[in-house]
Every structure is written in structure tokens, then in C-alpha cells.
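These figures come from a predicted structure and were not determined experimentally. Below, each value reflects all heavy atoms present in this structure, side chains not excepted, and no hydrogens, waters or symmetry copies. FYI, the numbering just counts along the sequence from 1.
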Amino acid sequence: MLKVDSVTYAVKKRTILKDITFSVRPGEVLALLGANGAGKSTLLRMITGEQKPDSGSVSLYGKKLQDYNSVELASLKATLSQHNVVNMPFLCQEIIMMGRYPYHRNNPTNADHDIVLETMKVCGIEHLAERSFLTLSGGEQQRVQLARVLAQLWDRKRGLIILDEPVTGLDMLYQQQTMAIARALAKKGYMVLAVLHEINLAAQYADRILMMKNGRRWKDGTPSEVLTPLDIYSVFSIETEVMINPRTLKPFVLVKEIRLQAENFNSWLPEESKQQSLKDRYISLREMYPHYTIRDIARQLNISEASTVMLELNGNAVLLEADIPALLRNLPALKSVTTQTYSEHVMVERTGIYQNYSSNEQIVKFDDEDIDLNVSHQLWQTVFAYNDIYNNEKSLQFFNAEGELLYKATLTDESDIDVYDAIVRQFRSPRQEPFDIHKSKVQSYKEIPDESVNQQLFCDSWHAMKNADELSVILRKFGIRRSQAIRLAPDNCAAKMSLYNFKKVMTHCMNNEIPVKLQAGNRSCIHTQVGVIKNLIDTGSCYQVADAKCKLFVQEDAIGSVWHIIQPTITGPMHLLELYDHDGELMLQVTGKHEVGKEHVEEWKNTLERMHLIES
């Protein structure tokens, strides 16, 4: 067995490999996948013994590589390198015979000649035996080198075959043949380790796939476990669809097309987009990038999201009267919908039915396990009914005065389309022409100096709180915002913690089925989700709760700080975790599930007290 144990390697303080651990068993094909520069070839040099790791070890059949002599090692492993330089006009059969050198030492036997002939036949190159290696095409040279590698271990009963990009330069037939040979030998007890860029060959022929990213092991498992659209995008930054071949039950990866406009990257070409109307540019972008969201398109056009939808007025978009309370009162009749609540760095998606509607002059509320939503409806200024023909979706979309998309309700297969059509007819505005919406400049919030806050009075007010809502009253009283209040909180009432420990708490709650309450949204609406988290995904750039009915997306690089807050209530201290962006805006609030008037969940409090670390 090949065992790689905690291998780390750096060059001039730049880490190339970090704590890589895995093994390859006899009878197994392991494919190494990763983007260029992920560390795959460096890892192979550690395994072949060309380089030594800074720490960790590589062992073969229970013995470290450095403990073998060169002849012993040559009889146990053979390597097809990515680059095989031959400058002398050797015949092809002479190149292949070099694989037998550890055994014959310039005096090949009849058995050696038979093995060379047999490996040439297997690789389909026997007709090239008398040809000079230098006269061959790149693909033919690659097949000759493969035959050399096979000849080296052909009569061994065990061995490790290392293939570094073995199908480079090969046509479709010989790509398949090369991997078929590797798998056939694995079935006879050999170990095969192959670096591949052809992801579908890995899916087709590998027993396991080790995916690498930035010198680290990203994921290790069967092709079905590793080859997901999310993991492929995380490693290769390419969008894909993954399907299951109904005949082989193995995954097949379909890469989505990338479309570019030459004038965007070649400054010497005329910029046709400048000569196009805004609507023509919009249509071009939608056709070129059908998966783009309205926010993506708006950023490309440098206009607001509402202005982007307005480009389809008198077509796929209908402007509705912004009588928000009356319009929202009709939503329960839609039945099941998928809702999305947007802020700059967070998006919450929930599928369910609107129930338990209530409203007053300022707030509209839906209070149910399916959809728990609080809306400050005066901040919703523009409403569209939008038929997205590119993604086959119909939705109601709500925007603020600056044209930012705040909330969306999209029909599902279980929605009542007749109710949707009736809402559009009832609230259709007589004005169906575009109007100006000017994107406001983002103004940074200027906090009052901490020393201007009466600390004693503030701390007294904090300790006197009887429910969570009273904090908003305190903020208005002292003229401060939430992030400053947390920073000024009394001793032992607020502690900064790392994002790493926040993730540990979330994972612990998921694994132990501890119910939590998640709150996220924007200044106009707050979405609340309560229950047990079923699935967490951490891509490094986006942290996700990915449950069947509820999804939460948090942009990780926007997170400025994480706090553990202990807030007094009449039923006892309430423990919260809060994420803030770099500007001090609240992104996400997490607390334990609890019922009003009852003591807070003990499991949640115990988890925080046991797992979080206070940082200076």
C-alpha cells in the first residue's frame, strides 16, 4: 500500500503542499484532480522520491521511500512523467527496453524482449518498433513512454504505477485505451495513481478521486461523492452540470459554455457595446449569460436592479401599484412559493406558504414556520411582476427607492398561477413606461465617539432589558447603532470570537440536531428561520445553510467580525451569535430555538459556553 502521511512542502516560505494525507490500496485507481498550480505534480515528486517533504512521510508497502535502494524501488514503482525529454535518436523498442534496465543491466534476456513486444502490442505501437523516437508525433511518443512504464513492472506481482497527465496529446481512442489499461492492471492488484485534467475520464475509470486546491486536500471519495457542481466550481471556477450515466451509474460532467466579447479584452477592437442601446446591451447579456441574476446584469450595465427590470416593461415585466399591505395580503392564495430576501452580502431562500398575515401602519408580518417574515413596507417603493423567460420563472419583485432588489417571491410547480395572474391584473399600474431611478452613493455611517456615550447609563439600560426588542429602543435613546452597542456592552455581555469557532458551533448544532433560530435580511425586511440545520457547505468564499426548504448564503470575505452576545430577558439571559460586515452592518443573527415566555434552550447555551473562545 502507498501511504502519504501529513506531507508539507514549501519553497521560500511559500507553502506548496500543506498536510496532505491519503493512501492507495492494491487494486485501486486513484485520480488526482485540481486546477493548474494546485500542487499535483509537486505531490507526485514527493511520491516518486525526486523531492523530500519538509515534514511528513511517504511509505510504500510499510517502508519509507528513503529506506529503499534504487533497484528495489524500481521494481516496485514506475512513473510516466509529464515531460519526457529524449534528444538521441533511439528506436522505440530501445526506449521501451529501458524500462527493463533494473533487471538486465545491459544484457536483456529473451523474457525481457518478450515483455517489450507484449507491452508494445497492448499500447498499439508494435508497428513503430523500428522507428526513431524523434520522428514520432507527440501522441505516439506518449504511448511509447507508457509502454516503457508498463514494461518496468510487467512481470511484477505488485507495484505502483504513477501516471502524470498520461493522456496529454492523445486522441479519444488512446485516451480511453490508456485509462482502460490502468484500470485493468489495478484489477490484477497493481496500484495506479494518475494526475488527470480530463474530469470525465476520472469519473469513468477511477475508483477514488482526490481533489486538491491550493496545495491542500479538498475532497477525497468516490467519483459520485467528489464530482458535484459546487466542488467542481470551488476547485476549477467553472460552472457545470453533473448527470448520472444511466448505463454505468457513474457521473458525467457537462461544462457550461463560457462566452466572451472580444472588445471587452482587446482594446484595439471597436467597442460595439458603446454603440448599442441600453436595452440591446441588456438582451445581449441575458442571452450570453442566462444564469446571471438581475443583480449581476445591473452591475454589468451600471444601473440599478429596478432599472434593469424596467428594460422589459411592455414585455416580460409589469409595473404594479405599490400598495404593499394590500398586495401582500393576497400572497397566501398563491400557495407554495420560493422566497428570497436580499442584502448586500447575504441571501435567504425559503420555500413555503404565506400564512397568518397581520399589519399595521409600519409593519406587515407573516408568522408561521413556513415563512416567518417582518416587512417595513414603507421602504418598498417599486414592485414588478416579472416573467424570466431565460430561467422559466415568474415572480413578484420588490425594490427600495434606490432600485435595490430587497425581496422576491417566485412561483413553484405547486403555486396557483391563476391567483398570480389575478394579482397582476388587480395591481397593474396604468403607468408602464420606464422612469428614472438614481443609484444613491453609499454613505458610510459615522459613529459618535464612544466617550460621548454615557457608559454608566448605557450599561444600566442594558441590564434592565426584559426582552430582545428593547435593544432597538436603547439604540435610538443613545443615538448609536447595533455594532457600537455590542462593542460598548457591559463586561461579560459581549465577546468577540473567530469565524472558525462560529463555524464549529454551527457544525456542532447540525451534528447534534440542536435547533437554532436564524435571522437575516435588510433594513426593510427580516426573514426568520427556526429548526434543525440539515446541511452546511463551506466553499471558502461562501458559507451556506443548504437545507431542502431553506437556504442561506453568506459572503465570507464580507464578514468583519463575529460576536457572542448575552442579552438580558425576563426569562433569563439570551445567547446570540452575530456576524457583522466590515462597515459594522449586521449580516446574520443566530440563537437557540425558544418559545416566547419560556427559558432559552439549555443545549444552545451549553454549546456556546463550551465551544467559543474569547479573543482580544
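Between Lys213 and Ser234, the shortest heavy-atom distance links the atoms NZ-O, 2.9 Å. Of all heavy-atom pairs spanning Leu210 and Phe22, the tightest one is CD2-CD2, 3.6 Å. Contact between Val167 and Gln175 at its shortest, heavy atoms only, is CB-CG, 3.6 Å. The minimum heavy-atom distance between Ile125 and Val144, with the atom names listed, is CD1-CA, 3.6 Å. Across every non-hydrogen atom of Gln177 and Val122, the tightest pair is NE2-O, 3.5 Å. Here the shortest heavy-atom pairing between Ala74 and Pro102 reads CB-CG, 3.7 Å.
His197 is listed as a side-chain neighbour of Glu165, based on a closest heavy-atom distance under 4.5 Å. Within the 4.5 Å cutoff, the side chain of Pro108 has heavy atoms near those of the His113 side chain. Looking only at side-chain heavy atoms (C-beta outward), Ser343 and Met587 stay at 4.5 Å or farther from each other. The closest side-chain heavy-atom distance from Val226 to Arg208 is not below 4.5 Å. For the pair Leu146 and Thr178, the minimum side-chain heavy-atom distance is below 4.5 Å. At a threshold of 4.5 Å between non-hydrogen side-chain atoms, the residues Tyr68 and Tyr61 count as touching. At a threshold of 4.5 Å between non-hydrogen side-chain atoms, the residues Ser23 and Leu2 do not count as touching. Side-chain contact check for Val71 versus Tyr103: every heavy-atom pair is 4.5 Å or farther apart.
Side chain of Lys40 to backbone of Ala35: a donor-acceptor contact under 3.5 angstrom is found. Remark: the backbone N or O of Arg156 is paired with a side-chain donor or acceptor of Tyr190 at under 3.5 angstrom.
Under the 4.0 Å criterion applied to side-chain N and carboxylate O atoms, Glu305 and Arg295 are assigned as salt-bridge partners. We find that Arg350 and Asp547 are not joined by a salt bridge, their nearest charged nitrogen and carboxylate oxygen being 4.0 Å or further apart. Between Lys503 and Asp538, at least one side-chain N (NZ, or NE/NH1/NH2) sits under 4.0 Å from a carboxylate O, which counts as a salt bridge. No salt bridge links Glu140 with Arg143; every basic N to acidic carboxylate O contact stays at or beyond 4.0 Å. Ionic pairing of Asp388 and Arg286 is present here: one or more N-O contacts between side-chain nitrogen and carboxylate oxygen are shorter than 4.0 angstrom. Salt bridge annotation for Lys219-Asp231: present, with a cationic side-chain nitrogen under 4.0 angstrom from a carboxylate oxygen.
Note: Thr79 OG1 to Arg148 CZ = 8.5 Å, rounded to the nearest 0.5 Å.
Of the residues listed (Thr338, Thr410, Thr412), the one engaging Thr351 in a side-chain hydrogen bond (donor to acceptor under 3.5 Å, both in side chains) is Thr338, and it is the only one.
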Task: Audit row: Asp54, Lys18, salt bridge (charged side-chain N to carboxylate O under 4.0 Å, His left out) steps and yes/no - done: CA-CA 10 Å; Asp54 295 334; Lys18 177 67 174 178; over 6 Å; no

